[in-house]
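Taking it in order: structure first as structure tokens, then the write-up.
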Amino acid sequence: MITIMSDDLTALFDQAAVATPLTAGAVAFRAGDPVRAMYLVREGRIDLVRHTASGGRLILHSAGPGDVLAEASAYAGGYHCDGVARADSLLRAVPVAQFLAHLRANPAAAQLWAARLARGLQTARLQAEVRTLRTVAARLDAWTEVFPGLPPKGQIQDLAHTLGVTREALYRALARRRRGGG
């Protein structure tokens with residue numbers, strides 16, 4: 001959710017050791033694991049997954065190249081979800097203590113980080129609001145009001161996860177929209 005745009009923070013990760021590459025389905029961390037590092041996704045995609053008591057699987061976020069993974073973990077003792085590679089991925093890791101020390105020592109980096117966390121919170125709140133809408137069409141309308149256009153072909157399933165609907169239901173709503181039926 002948080003794409004690093006500051007040369008200062010990018011340089012911090014560039015100096016870091018490359019974490020073990022992950023193959024699709026591999027786990028970077030599990031819920032409850034102690035937070036020891038902050039990760040920057042260099043290649044691939046990592047899903048933040050929470051499992052429900054009923055056995056459901058919720059994708060809370062999908063981090064791609066340039067995103068800091070599980071950004072709130074910088075302020076937590078343990079992870080609140082699993083980090084699972086959706087595709088073959090490559091991460092860079094910085095010890096969390098070093099990451100936080102860098103922010104304390106660099107006000108510009110800290111300001112950028114705070115702004116990115118705020119935008120992430122706004123996006124999460126929007127997602128929660130959109131998911132309260134009753135129909136797939138209403139969810140799609142609300143989402144496209146804020147984020148015009150649709151993801152590229154092959155990434156529509158990511159939008160379905162974001163909207164909290166099945167891929168098939170989203171495809172049906174898109175087909176109705178193309179036919180002029182809402």
Side-chain angles (χ1 to χ4, degrees), residues 1-22 25-54 56-87 89-132 143 146-147 151 155 158-164:
M1 193 173 295
I2 296 183
T3 302
I4 295 295
M5 294 175 60
S6 162
D7 290 337
D8 194 31
L9 284 174
T10 301
L12 176 65
F13 281 99
D14 284 344
Q15 296 166 9
V18 175
T20 305
L22 299 174
V27 176
F29 51 80
R30 294 227 179 257
D33 286 352
V35 176
R36 292 191 176 98
M38 295 299 295
Y39 297 98
L40 179 75
V41 179
R42 282 293 186 202
E43 298 173 16
R45 187 153 295 281
I46 308 290
D47 289 337
L48 297 181
V49 179
R50 186 163 298 155
H51 300 278
T52 65
S54 62
R57 183 175 186 268
L58 298 173
I59 296 177
L60 303 176
H61 177 64
S62 186
D67 290 339
V68 172
L69 182 60
E71 61 276 4
S73 64
Y75 309 101
Y79 291 103
H80 294 98
C81 56
D82 297 344
V84 182
R86 178 183 297 188
S89 301
L90 180 64
L91 305 176
R92 290 221 182 235
V94 172
V96 70
Q98 180 183 349
F99 181 83
L100 293 172
H102 183 78
L103 293 179
R104 284 191 297 276
N106 297 282
Q111 181 65 31
L112 174 70
W113 182 247
R116 300 310 244 164
L117 289 173
R119 280 192 289 281
L121 179 59
Q122 290 169 334
T123 300
R125 287 179 174 163
L126 172 65
Q127 246 180 311
E129 184 178 335
V130 165
R131 287 180 174 200
T132 66
W143 187 259
V146 178
F147 302 103
Q155 294 179 14
D158 295 339
L159 180 58
H161 285 297
T162 299
L163 298 178

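Along the sequence shown, residues are numbered consecutively beginning with 1.
- Here the CD atom belonging to Gln127 is positioned 9.0 Å from the NE2 atom belonging to His61, to the nearest 0.5 angstrom.
- The heavy-atom pair separating Met38 from Glu71 by the smallest distance is CE-O, 3.8 Å.
- Shown here for Ile46 and Leu91, the closest heavy-atom pair between the two residues is CG1-CD2, 3.9 Å.
- Rounding to the nearest 0.5 Å places CZ of Phe29 at 13.0 Å from CZ of Arg36.
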Which donor-acceptor pairs under 3.5 Å do side chains of residues 74-81 form with protein atoms, sequence neighbours excluded?
unit_1	atom_1	unit_2	atom_2	d
Tyr75	OH	Trp113	NE1	2.8
Tyr79	OH	Ala37	O	3.2

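- Side-chain contact between Ile59 and Arg86: present, with at least one pair of heavy atoms (C-beta onward) separated by less than 4.5 Å.
- Every residue two or more places apart in sequence or in another chain was checked for a salt bridge (Lys or Arg N to Asp or Glu O under 4.0 Å) with Asp33, and none qualifies.
- Scanning all heavy atoms of the two residues, the minimum distance from Ser73 to Leu69 falls at OG-O, 4.4 Å.
- Rounded to the nearest 0.5 angstrom, Arg116 CZ and Asp67 CG are separated by 9.0 Å.
- Across all their heavy atoms, Leu103 and Ala110 have their closest contact at O-CB, 3.4 Å.
- More than 12 heavy atoms of other residues, nucleotides or ligands lie within 6.0 Å of CZ in Arg131, so this atom counts as buried by the packing criterion.
- Inter-residue side-chain proximity for Phe99 and Tyr39 is flagged as unmet; no heavy-atom pair is nearer than 4.5 Å.
- Nearest heavy atoms, Leu22 versus Ala28: CD1-CB, 3.8 Å.
- Atoms CG and CG, on Leu58 and Asp47 in that order, are 11.5 Å from each other to the nearest 0.5 Å.
- Within 6.0 Å of CD on Gln98 lie more than 12 heavy atoms contributed by other residues, nucleotides or ligands.
- Counting heavy atoms from C-beta on, the side chains of Arg125 and Gln122 never come closer than 4.5 Å.
- Interatomic distance, Leu90 CG to Leu40 CG, rounded to the nearest 0.5 Å: 9.5 Å.
- Taking each heavy atom of Val41 and Ala63 in turn, the nearest pair found is CG2-CB, 4.0 Å.
- Applying the side chain to side chain donor-acceptor pair (under 3.5 Å) rule to Arg45 yields the partners Ser62; only residues at least two apart in sequence or on another chain are considered.
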